[in-house]
Amino acid sequence: MADSIYLTGLDQLEASTNKILKDLTSDKTKLLLTNAQLVRDRIKEKAPLGPSTDKKPGSLKAAAYAAALPETTTRQTVAFAGIRPRKAPHAHLVEFGHGGPHPAPPHPFVRPSWDELHDTVRNNIAEGLGKTIEGAV
Amino acid sequence: MIIEQAIQNQLLNNAGVAALVGTNIFYDGTVPQDTAAPYINLAKISAPRDYTHDGASGLVDSRFQFSIFSTQYTQNKLIAAAIAGALSGFRGVMGGAGGVTVGRCFYEDETDLGKEPQTLFYHLAVDYKIGYNE
């Protein structure tokens, strides 16, 4: 008499896998955006105000932004945190310093923000994706 | 010895860097008036500290920016390469006797900041992540 093996639950496995993929696709953009906003807020905190003679003090803080683009067939999900160059075209001169006409040393605010937060952001993303996967199973 | 002095010594003692910039390596945020290019201005950008349940670990994960100024774009690139020869991948005591113990030194980033209109110097900023014991 030949032994027989019956596999059951393949439908549920397929459904769970599909749900994980669907949930991950929708949740990861939100997750990346939330974390980009965290970095943006730190950039805003650290952005220097400039001299009191400045025509528009706080322009760097106002130019801080965060955005996320969802995944497409040709691009992975991507998130940004930084300074809008059209709103604050001098941001790189503040961040990196310059040699003239009035030489200024660097007054970095973007890179320190990232250096302080990258471990937190990495952990948040790992934790968030883990929760999405657990929730889908 | 502070880490800035250790880095300065490390660069001054490197034949490649010395041949290109001589002793024009500064770390206090200012460059003396009328300094002839090329020169390197070193700045600490960030230095997050590491903590354990026992308190401060004494490890610092710092980022340094080397602002390179010279009259030629290609010379900036040569200086950046010379700095990499002195620092990239370095492990050990930096800066000679009484120096700073460095666990890692990574060439992190490079940004071309163009030709400055008044000084006519090209500006190249290179970033290093340096992990050291304080």
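Throughout, protein chains are lettered first and strands after them, A, B, ... in sequence-line order, and every chain is numbered starting at 1.
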With clusters built from Ile, Leu, Val, Met, Phe, Trp and Tyr whose side-chain heavy atoms come within less than 4.5 Å, directly or transitively, what are the remaining members of the cluster of B/Leu113, listed by chain and number?
-> A/Phe96
Side-chain hydrophobic cluster, 4.5 Å single linkage: members besides A/Leu69 =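 Via sub-4.5 Å side-chain contacts, A/Leu69 links to A/Tyr65, A/Val78, A/Phe80.
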Kindly work out whether a path of hydrophobic side-chain contacts (I/L/V/M/F/W/Y, heavy atoms less than 4.5 Å apart) joins B/Leu11 to B/Ile3.
-> yes
Check whether B/Tyr128 and B/Phe90 end up in the same hydrophobic cluster, where Ile, Leu, Val, Met, Phe, Trp and Tyr are linked by side-chain heavy atoms less than 4.5 Å apart.
-> yes
Atom [atom1] in [X], atom [atom2] in [Y]: separation rounded to 0.5 Å?
X	Y	atom1	atom2	result
A/His98	B/His123	NE2	NE2	10.0 Å
B/Ser46	A/Glu116	OG	CD	7.5 Å
B/Ile45	A/His107	CD1	NE2	10.5 Å
A/Glu95	B/Gln65	CD	CD	7.5 Å

Please classify the contact of [X] with chain A as side chain, backbone, both or neither, using a heavy-atom distance under 4.5 Å.
X	value
B/Asp127	side chain
B/Thr111	side chain
B/Phe121	neither

Do B/Lys129 and A/Asp115 meet the salt-bridge criterion of a basic N to acidic O distance under 4.0 Å?
-> yes
Count the heavy atoms belonging to other residues, nucleotides or ligands that lie under 6.0 Å from CZ of A/Arg75, then report whether that count exceeds 12.
->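 Check passes, neighbour count above 12.
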Within 6.0 angstrom of B/Arg104 CZ, more than 12 heavy atoms from elsewhere | yes
